[in-house]
2 protein chains.
Amino acid sequence: MKLSSSGQGQQAHEGENKCLNSELWHACAGPMVCLPTVGTRVVYFPQGHSEQVAATTNKEVDTHIPNYPDLPPQLICQLQNVTMHADVETDEVYAQMSLQPLTPEEQKDTFLPMELGIPSKQPTNYFYKTLTASDTSTHGGFSVPRRAAEKVFPPLDFSQQPPAQELIARDLHDIEWKFRHIFRGQPKRHLLTTGWSVFVSAKRLVAGDSFVGLLVNFCHRNEKNQLLLGIRRATRPQTVMPSSVLSSDSMLIGLLAAAAHAAATNSCFTVFYNPRASPSDFVIPLSKYVKAVFHTRVSVGMRFRMLFETEESSVRRYYSS
Amino acid sequence: MKLSSSGQGQQAHEGENKCLNSELWHACAGPMVCLPTVGTRVVYFPQGHSEQVAATTNKEVDTHIPNYPDLPPQLICQLQNVTMHADVETDEVYAQMSLQPLTPEEQKDTFLPMELGIPSKQPTNYFYKTLTASDTSTHGGFSVPRRAAEKVFPPLDFSQQPPAQELIARDLHDIEWKFRHIFRGQPKRHLLTTGWSVFVSAKRLVAGDSFVGLLVNFCHRNEKNQLLLGIRRATRPQTVMPSSVLSSDSMLIGLLAAAAHAAATNSCFTVFYNPRASPSDFVIPLSKYVKAVFHTRVSVGMRFRMLFETEESSVRRYYSS
DNA sequence: TTGTCGGCCATCGGCCGACAA
DNA sequence: TTGTCGGCCGATGGCCGACAA
């Protein structure tokens with residue numbers, strides 16, 4: 001299982017199976033994103049998955065897609081594996097899940113205690129700041145909010161005038177970035193100067209995007225606290241490009257056919273979950289699903305929808321039917 | 001049909017259905033790329049298509065894919081539509097084709113005369129040059145090969161000293177680029193100076209990539225000759241990234257299922273053809289296929305392979321079984 | 001014929017505190 | 001507390017012919 005890792009000292013490049021930091025992944029994904037636990041049972045909604053893929057390929061789900069009579073509107077699976085990833089180009093975070101459909105008999109098993117919902121670890125010593133025009137311009141550096149700097153950055157030596165230090169931080173791909181951190185100006189403020197513009201241009205940041213800083217503590221192997229960084233892109237007016245690899249129809253068919261085939265042959269299938277791409281959760285813990293169904297006093301089979309407000313006041317949905 | 005267009009004066013942005021210049025598309029695709037004609041019959045090879053998609057997603061075709069007993073190894077279709085496209089990010093050219101599987105009775109029809117192969121129009125007044133380290137460095141401009149400049153660029157006024165002019169050219173997305181074209185130095189040579197570095201950084205060109213220049217003549221609407229430009233990326237050591245949208249297994253299943261569904265219901269399906277992505281042609285004119293089969297004295301159903309050497313001495317393949 | 005270089009100058013990047021929101 | 005600006009200086013961009021491959 002490669003859910004997370006800690007103490008990953010140097011750049012690891014084992015094919016595409018990079019072990020990226022779980023806390024950093026969550027810090028970039030946002031506070032409302034919660035991944036199911038490996039080994040537990042989950043409900044997979046082909047409809048919600050279709051909507052995410054359709055949103056990504058800028059395509060409406062239409063009626064060209066054949067029916068898959070063997071594929072129920074929700075599929076109870078065991079979550080065999082979850083790996084966290086970040087897009088090499090955009091740093092967009094996503095998760096890859098391996099789902100094992102369960103037979104009707106396996107579904108009847110009683111709940112394991114651990115299935116009652118242990119949320120994945122959310123980051124604690126972290127901050128994010130939406131970048132201003134001044135932050136991203138070539139004219140200057142990055143103005144660090146005072147509380148953020150004090151909470152997350154290593155303390156400065158105030159006997160120096162001005163107090164300054166070199167910050168070393170690693171991103172989702174375990175690439176190292178160096179910044180000059182200085183406390184100066186009148187009134188005094190924390191700034192990142194040298195190194196900042198390289199970061200902005202490398203990540204192609206614009207005003208409205210966000211910087212994420214995270215302090216993690218690796219207890220073992222004598223390693224000290226380490227600074228991690230990430231970004232969150234502003235939700236732009238969806239300039240999704242056509243895929244040029246496979247037609248969106250074929251993708252939607254493939255999605256359904258893969259799930260149906262896995263269900264029929266009792267084998268695993270793989271899905272990608274992009275928490276920031278669309279507001280649809282399509283893999284949710286079975287325990288949460290059962291609770292929701294019980295709570296709303298509807299029988300399984302009726303259409304319902306649960307709404308949650310996220311931090312950005314958008315909406316997350318669960319699918320059922 | 002949106003195969004091509006001419007006299008497209010200003011930037012057109014009709015959704016994603018841009019009419020891009022057919023000659024320019026071919027100039028960027030390379031001289032060996034030839035698209036089948038709309039309305040003719042073609043042979044579609046799911047196996048070759050799978051290999052292209054697998055190459056793009058950096059995945060080997062393995063045995064996880066279910067069999068589609070209804071899907072024959074080659075499918076005779078009518079080519080309903082072909083549109084030429086270019087990736088918004090990379091300028092990579094590709095074609096979208098709509099294929100209509102034919103019933104056994106329709107397949108028995110005799111050939112139409114037009115099906116005997118009218119190749120699509122190849123560009124005439126065009127050149128390409130592989131960019132050198134000096135071309136792509138920030139230190140200077142672009143050194144234009146003399147014959148290329150004389151053949152493709154508007155003639156300079158040699159009464160000026162030095163002779164110079166402003167070149168205006170449009171790319172695959174119909175975006176305008178301006179360059180200062182000057183004939184100077186000792187010995188004299190053609191150079192693109194002002195404007196060149198903007199182009200290099202916008203297209204993210206590196207030494208080894210190629211610049212394509214094309215002179216087209218729009219006869220109607222009183223338009224004069226127009227200069228078009230494009231690029232060809234060097235074939236890099238395949239840094240294909242995982243898709244993060246759909247698993248490669250689902251994509252391969254979707255590809256097969258879409259074709260099988262179209263064949264079963266007598267409806268259209270859509271494929272993308274990336275001529276520079278992989279050396280596999282998987283949609284070829286029926287006439288060419290029949291000729292090849294006849295020529296090599298094998299019966300339909302035997303495995304055969306036709307080899308052609310392309311300009312870059314790579315290999316193009318036809319698939320059959 | 002054309003790829004690379006040194007020379008030269010204009011422009012931009014980038015660090016600073018002032019000032020105000 | 002922090003976003004934007006003018007001032008200032010050094011780094012880089014970018015145009016030129018020289019020279020050689």
Side-chain angles (χ1 to χ4, degrees), chain A residues 127-153 156 160-167 177-202 205-211 213, chain B residues 127-153 156 160-167 177-202 205-211 213:
Chain A
F127 79 96
Y128 79 92
K129 181 200 175 188
T130 302
L131 301 178
T132 66
S134 296
D135 289 329
T136 51
S137 95
T138 58
H139 190 61
F142 174 53
S143 186
V144 187
R146 191 185 170 187
R147 293 158 175 274
E150 289 170 352
K151 186 170 65 175
V152 174
F153 290 172
L156 287 166
Q160 298 174 31
Q161 277 312 319
Q165 65 182 334
E166 184 183 53
L167 287 188
W177 301 90
K178 293 179 183 176
F179 306 97
R180 178 172 170 82
H181 170 208
I182 195 169
F183 186 71
R184 64 162 172 81
Q186 199 48 248
K188 300 287 180 222
R189 87 277 311 276
H190 290 270
L191 295 164
L192 297 188
T193 57
T194 309
W196 173 251
S197 70
V198 178
F199 181 75
V200 168
S201 58
L205 296 174
V206 297
D209 294 340
S210 295
F211 177 87
Chain B
F127 78 97
Y128 79 92
K129 180 200 174 188
T130 302
L131 300 179
T132 66
S134 296
D135 289 330
T136 51
S137 94
T138 58
H139 189 62
F142 174 54
S143 186
V144 188
R146 191 185 170 186
R147 290 158 179 275
E150 290 171 349
K151 186 169 66 174
V152 175
F153 290 172
L156 288 166
Q160 299 174 31
Q161 276 315 318
Q165 65 182 334
E166 183 183 54
L167 286 188
W177 300 89
K178 292 180 184 175
F179 306 97
R180 178 171 170 81
H181 169 208
I182 194 168
F183 187 71
R184 64 164 171 80
Q186 197 50 250
K188 299 287 180 222
R189 85 280 309 274
H190 291 270
L191 295 164
L192 297 188
T193 59
T194 310
W196 172 251
S197 71
V198 178
F199 180 74
V200 168
S201 58
L205 296 175
V206 297
D209 295 339
S210 294
F211 177 88

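Proteins come first, then strands; the chains are lettered A, B, ... in the order of their sequence lines, and each starts at number 1.
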* Nearest listed nucleotide, side chain of B:His139, among C:dC16, C:dG6, D:dT4 -> C:dG6
* Side-chain (A:Arg189) to main-chain (A:Pro187) donor-acceptor, under 3.5 angstrom -> yes
* To do: Give the nucleotide from the list C:dC15, C:dT2, C:dG3 with an atom nearest to the side chain of B:Asp135.
  => C:dG3
* Structure fact -> Note: B:Trp196 and B:Gly140 closest approach over all heavy atoms is CD1-O, 4.3 Å
* Do the two ring centres, one from B:Phe153 and one from B:His190, sit under 6.0 Å apart? -> no
* To do: Verify the contact: side-chain N or O of B:Ser197 to OP1 or OP2 of D:dG13, cut-off strictly under 4.0 Å; return yes or no.
  => no
* Value in whole Å for how far the P atom of D:dG3 lies from CZ of A:Arg146 -> 15 Å
* To do: Return the value, rounded to whole Å, for the distance between atom CZ of B:Phe179 and atom C1' of D:dC15.
  => 17 Å
* Tell me what A:Pro187 touches on the nucleic acid: a base, only sugar-phosphate, or nothing, going by heavy atoms under 4.0 Å. => base
* **Under-4.0 Å side-chain N/O to phosphate OP1/OP2 contact, A:Lys129 with D:dT1** => no
* Asked: Taking any strand in view, what nucleotide pairs with D:dG7 in a Watson-Crick or G-U wobble way, both distances under 3.5 Å?
  -> C:dC15
* Asked: Within the structure shown, what part of the strands sits under 4.0 Å from A:Ser137 by heavy-atom distance: base, sugar-phosphate, or nothing?
  -> nothing
* Asked: Between C:dT2, C:dC15, D:dT4, which nucleotide has the shortest distance from any of its atoms to the side chain of A:Thr193?
  -> C:dC15
* To do: Indicate, yes or no, whether a donor-acceptor pair under 3.5 Å links the base of D:dG17 to the side chain of B:Arg189.
  => no
* Asked: Is A:Thr138 touching bases, backbone alone, or none of the nucleic acid, heavy atoms closer than 4.0 Å?
  -> base
* Structure fact -> On DNA chain D, more 5' by nearest nucleotide between A:Ser134 and B:Arg184 is A:Ser134
* To do: State, to 0.1 Å, how close B:Thr193 and B:Ile182 come at their nearest heavy-atom pair, and which atoms those are.
  => CG2-CG2, 4.1 Å
* Mind calculating the distance between CH2 (B:Trp196) and C1' (D:dG13) to the nearest angstrom? => 16 Å
* To do: Check for a donor-acceptor pair, side chain of A:Asp135 on one end and backbone N or O of A:Ser143 on the other, with a separation under 3.5 Å.
  => yes
* Asked: How would you label the contact of A:Lys188 with the nucleic acid (heavy atoms, under 4.0 Å): base, sugar-phosphate, or nothing?
  -> base
* Please report, rounded to the nearest Å, how far the C1' atom of D:dT4 is from the CZ atom of A:Phe142. => 16 Å
* A:Gln186 CD to D:dT2 C1', straight-line distance once rounded to whole Å -> 13 Å
* **Given B:Phe211, B:Phe199, B:Trp177, B:Phe179, the one that forms ring-ring contact (aromatic ring centres under 6.0 Å, His included) with B:Phe142** => B:Phe211
* Structure fact -> Nearest-nucleotide check on DNA chain C, A:Leu192 vs B:Ala133; residue mapping nearer the 5' end is B:Ala133
* To do: Mind calculating the distance between CZ (A:Arg180) and P (C:dG14) to the nearest angstrom?
  => 15 Å
* Identify, between A:Gly141 and B:Arg147, the residue whose nearest nucleotide on DNA chain C lies closer to the 5' end. => B:Arg147
* Given atom CG of B:Leu131 and atom P of C:dT2, what is their separation to the nearest angstrom? -> 14 Å
* Structure fact -> For C:dA21, the nucleotide meeting Watson-Crick or G-U wobble distances (both under 3.5 Å) is D:dT1
* **Touch class at under 4.0 angstrom, heavy-atom based, for A:Ser143 against every strand present** => sugar-phosphate
* **Rounded distance (Å) that lies between atom C1' of D:dC15 and atom CZ of B:Phe183** => 17 Å
